[in-house]
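Read through the structure below, which is laid out as structure tokens, and then see the notes.
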There are 2 protein chains.
Amino acid sequence: MGKEITIYDIAGQLQISPATVSRALNDHPAINVKTKALINAKAEELGYRSNKFASNLRKQKTNTIGVIVPRLNSYIMSTVLAGMEKIANEEGFNLIISQSLESQKKEIANTKTMFSSRVDGLLVSVAFDTDSFEHFQPFIKRKIPLIFFDRILENSNCPAIVIDNIKAGYDATSHLIKQGRHTILHITGNLKRNVYADRLKGYQQALTEYNIPYNQDFVWETDLSLETGKEVAQRIVSLKTLPDALFIASDLCAVSCITTLKELNINIPKDISVVGFNNDPVSQVIAPKLTTIHYPAKEMGEIAIKSMINHLKGNLDLDAASAITLHSELMIRESGIS
Amino acid sequence: MGKEITIYDIAGQLQISPATVSRALNDHPAINVKTKALINAKAEELGYRSNKFASNLRKQKTNTIGVIVPRLNSYIMSTVLAGMEKIANEEGFNLIISQSLESQKKEIANTKTMFSSRVDGLLVSVAFDTDSFEHFQPFIKRKIPLIFFDRILENSNCPAIVIDNIKAGYDATSHLIKQGRHTILHITGNLKRNVYADRLKGYQQALTEYNIPYNQDFVWETDLSLETGKEVAQRIVSLKTLPDALFIASDLCAVSCITTLKELNINIPKDISVVGFNNDPVSQVIAPKLTTIHYPAKEMGEIAIKSMINHLKGNLDLDAASAITLHSELMIRESGIS
DNA sequence: CTGAAAGCGCTTACAG
DNA sequence: CTGAAAGCGCTTACAG
């Protein structure tokens with residue numbers, strides 16, 4: 001195992017000071033172009049690699065951004081992370097990723113790890129049951145930038161990257177209404193979360209606009225899992241009067257529900273129209289193809305990380321109250337057309 | 001922004017040496033229990049957090065493990081990573097994750113980043129087209145442990161965590177044969193990769209065992225994408241004689257293919273039986289439910305990272321030639337039963 | 001069981 | 001444009 005090359009080795013061989021080597025390697029403007037070329041060539045020749053720990057220790061920066069997500073293995077989140085990873089990599093930032101597994105408790109533990117890892121900034125999409133901002137206070141106190149994305153904490157006074165969930169909920173619901181549907185069941189997630197609360201608001205807005213009375217019994221708060229999809233289907237067929245449409249806040253749950261409904265001899269979309277959410281690849285490979293809301297997951301990841309990096313570099317000052325809203329879009333396919 | 005607390009602050013307030021504080025904080029056995037308690041209490045009181053950069057610089061370790069995967073946003077990979085993240089977190093290791101996007105070129109860039117980030121160890125699942133071991137040599141030279149998982153590089157002489165793809169291919173194919181199927185089309189990925197080459201071997205073994213001649217035209221090497229699933233379906237119906245079964249090396253592709261075949265009035269499984277691969281959640285929510293091979297993704301992630309951590313801690317010496325094979329299992333559902 | 005001292009490899013304010 | 005020197009916050013061999 002060969003000894004690690006340092007700037008002193010380069011300096012020694014070139015009869016030059018370590019300070020100059022350091023500057024040259026960092027492309028400092030004051031250094032002579034020829035000197036830089038010489039130093040870079042020697043660094044290459046010796047197989048030099050910079051020691052980030054020494055550099056970070058000295059600079060008091062970590063170049064590391066923390067990301068906390070509810071789970072890694074969902075289509076939306078892994079796509080968001082793929083987008084973040086790409087940009088972070090290009091910009092020379094490291095990502096520390098951890099998952100809360102939908103539990104505030106685990107999320108609190110994650111924030112502690114992030115804090116002691118001294119991340120330069122933190123990007124968070126909160127768990128189902130998070131109802132406190134307490135665990136983020138240490139970051140605020142130390143002025144470590146904190147940005148929420150997708151599932152945000154309102155009143156946190158932190159920048160947020162979101163889609164317009166109200167509009168998306170409105171689009172989904174009004175599409176169903178325009179198809180002549182009036183008893184629309186809305187299957188959603190924990191209403192503590194903006195993403196679900198806002199979709200519900202959009203659902204209500206559409207009903208109001210078309211003079212359809214809002215019935216609270218038509219909103220089912222669930223965990224949106226595959227199992228839930230099946231249970232929902234069974235519960236639906238046992239209802240006195242069948243709804244004529246479903247607006248389900250997750251494609252995976254919607255697909256599971258549709259499959260079970262079909263097994264129970266319900267015709268989709270003839271008997272019941274369905275609109276999902278996310279534009280998960282699965283939405284295109286089932287029959288009937290699922291009408292859904294396209295969620296710009298990759299873009300969200302890219303924009304969230306870019307905002308953070310720009311802020312850290314001082315290029316962009318994130319206003320505490322600012323929010324970036326991405327465009328989402330109704331993808332009309334067979335399941336929502338009657 | 002309050003000043004960061006260091007061991008000197010604790011030492012100063014307690015009238016004790018920084019060396020003792022350092023030892024106490026690291027639970028060094030030589031330190032008096034009372035002294036330790038005192039120091040820990042003071043550290044807690046002052047909100048001390050250890051500076052990993054100083055510590056790593058001094059110890060010449062990074063406590064960081066690099067992971068390179070083909071892509072983040074596939075069910076299998078995000079689940080593998082979820083498993084890794086969980087264990088790494090518990091054991092106090094950081095993960096740097098990057099994706100090759102199925103390109104050797106990007107994979108090479110990723111290895112360079114990992115190398116200059118001085119990861120203590122590297123975990124890799126290679127891209128579709130990787131055909132050189134060259135970019136991993138710097139790790140070998142520096143004796144930085146390198147472990148492959150899922151898509152491994154044979155002859156690399158590195159430890160590998162895999163499933164028995166030959167057996168899985170055999171199980172899938174022989175199941176179809178037992179259902180009376182004899183013209184089984186095998187849709188697979190890049191045959192450079194062990195996962196696909198081995199599944200093909202298993203397919204061939206099963207044919208041989210049941211005295212079915214092997215026909216090379218029945219093996220289609222593809223990218224296993226959703227689009228490919230559609231194209232495959234269209235190509236199948238244009239064939240002079242229809243195959244009576246499909247063994248597709250990815251559930252997502254299989255589901256897409258089934259849906260298109262159904263649109264083309266092919267009855268699944270009556271006309272064509274289908275077996276997929278991975279046990280992706282989507283396999284359970286389509287009609288007919290997909291017969292597939294359960295892939296122990298979470299376990300693979302956990303075992304891969306545990307092997308690495310144990311090796312780094314010196315608990316377990318990874319034999320260069322060793323391989324860990326995880327159990328996979330045929331999940332019999334409707335699509336493969338005729 | 002505790003301490004003094006050196007050193008890990010950088011960066012940068014200051015000086016020239 | 002270049003250099004000398006200090007210091008970032010730890011850990012550990014050595015000494016007692």
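In what follows, chains are A, B, ... by sequence order, proteins preceding strands, each numbered from 1.
Residue pairs meeting the ring-ring contact (aromatic ring centres under 6.0 Å, His included) criterion with at least one member in residues 96-123 of chain B, sequence neighbours excluded: B:Phe115-B:Phe139. Screening residues 61-81 of chain A for side-chain hydrogen bond (donor to acceptor under 3.5 Å, both in side chains) gives A:Thr62-A:Asp120 as the qualifying pairs, with residues at least two apart or on separate chains. For residues 22-38 of chain A, the side-chain hydrogen bond (donor to acceptor under 3.5 Å, both in side chains) pairs, not counting sequence neighbours, are A:Asp27-A:Lys36.
Looking only at distances, no side-chain donor or acceptor of A:Lys298 sits under 3.5 Å from a matching main-chain atom of A:Ala82. Looking only at distances, no side-chain donor or acceptor of A:Ser55 sits under 3.5 Å from a matching main-chain atom of A:Asn51. With hydrogens and angles ignored, the 3.5 Å screen pairs no side-chain donor or acceptor of B:Glu154 with any backbone N or O of B:Asn194.
Taking the six-membered ring where tryptophan is involved, the planes of B:Phe148 and B:Phe136 are perpendicular, since the angle between them exceeds 60° and thus also 30°.
Near DNA chain C, defined here as any heavy-atom distance below 4.0 Å, the residues from residues 20-29 of chain A are A:Ser22, A:Arg23, A:Asn26, listed numerically. Using a 4.0 Å cutoff on non-hydrogen atoms, the parts of residues 9-17 of chain A near DNA chain D are A:Ile16, A:Ser17, ordered by number. Heavy-atom distances under 4.0 Å link DNA chain D to A:Thr35 of residues 35-50 of chain A, given in residue order.
Using a 4.0 Å cut-off, some side-chain N or O of A:Gln60 falls inside it from OP1 or OP2 of D:dG9.
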Identify all side-chain donor-acceptor contacts of residues 124-131 of chain A below 3.5 Å with residues at least two apart in sequence or on another chain.
residue, atom, partner, partner atom, Å
A:Ser125, OG, A:Phe149, O, 3.2
A:Ser125, OG, A:Arg151, N, 3.3
A:Asp129, OD1, A:Gln104, N, 2.8
A:Thr130, OG1, A:Glu107, OE1, 3.0
A:Thr130, OG1, A:Glu107, OE2, 3.1
A:Asp131, OD1, A:Gln104, NE2, 3.4
A:Asp131, OD2, A:Lys192, NZ, 3.4

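Every stem involving DNA chain D, taken as at least 3 paired positions in a row under the Watson-Crick or G-U wobble test at 3.5 Å, is listed here: C:1-3 with D:14-16, C:5-12 with D:5-12, C:14-16 with D:1-3.
Comparing C:dG3, D:dG9, C:dC10 against the side chain of A:Leu57 picks out D:dG9 as the nearest. Ranking C:dC8, C:dC1, D:dC10 by closeness to the B:Thr6 side chain, first place goes to D:dC10.
The CG atom of A:Asn56 sits 11 Å away from the P atom of C:dT12 (whole-angstrom rounding). B:Lys61 has its NZ atom 16 Å from the C1' atom of D:dC10, to the nearest Å.
Taking the side chain to side chain donor-acceptor pair (under 3.5 Å) definition, one finds that B:Asp150 meets it with B:Tyr295, sequence neighbours left out. Listed by chain and residue number, A:Lys52 satisfy the side chain to side chain donor-acceptor pair (under 3.5 Å) test with B:Ser117 (two or more places apart in sequence, or in another chain). Taking A:Glu91 as the reference, A:Lys313 meet the side chain to side chain donor-acceptor pair (under 3.5 Å) condition, with sequence neighbours excluded. Residues forming a ring pair (Phe, Tyr, Trp, His ring centres under 6.0 Å) with B:Tyr8 (at least two apart in sequence, or on another chain): none.
Judged by atom type and distance alone, B:Tyr8 does not reach the base of D:dC8 through any side-chain donor-acceptor pair under 3.5 Å.
Taking atom P in both C:dC1 and C:dA5, one finds a spacing of 24 Å when rounded to whole Å.
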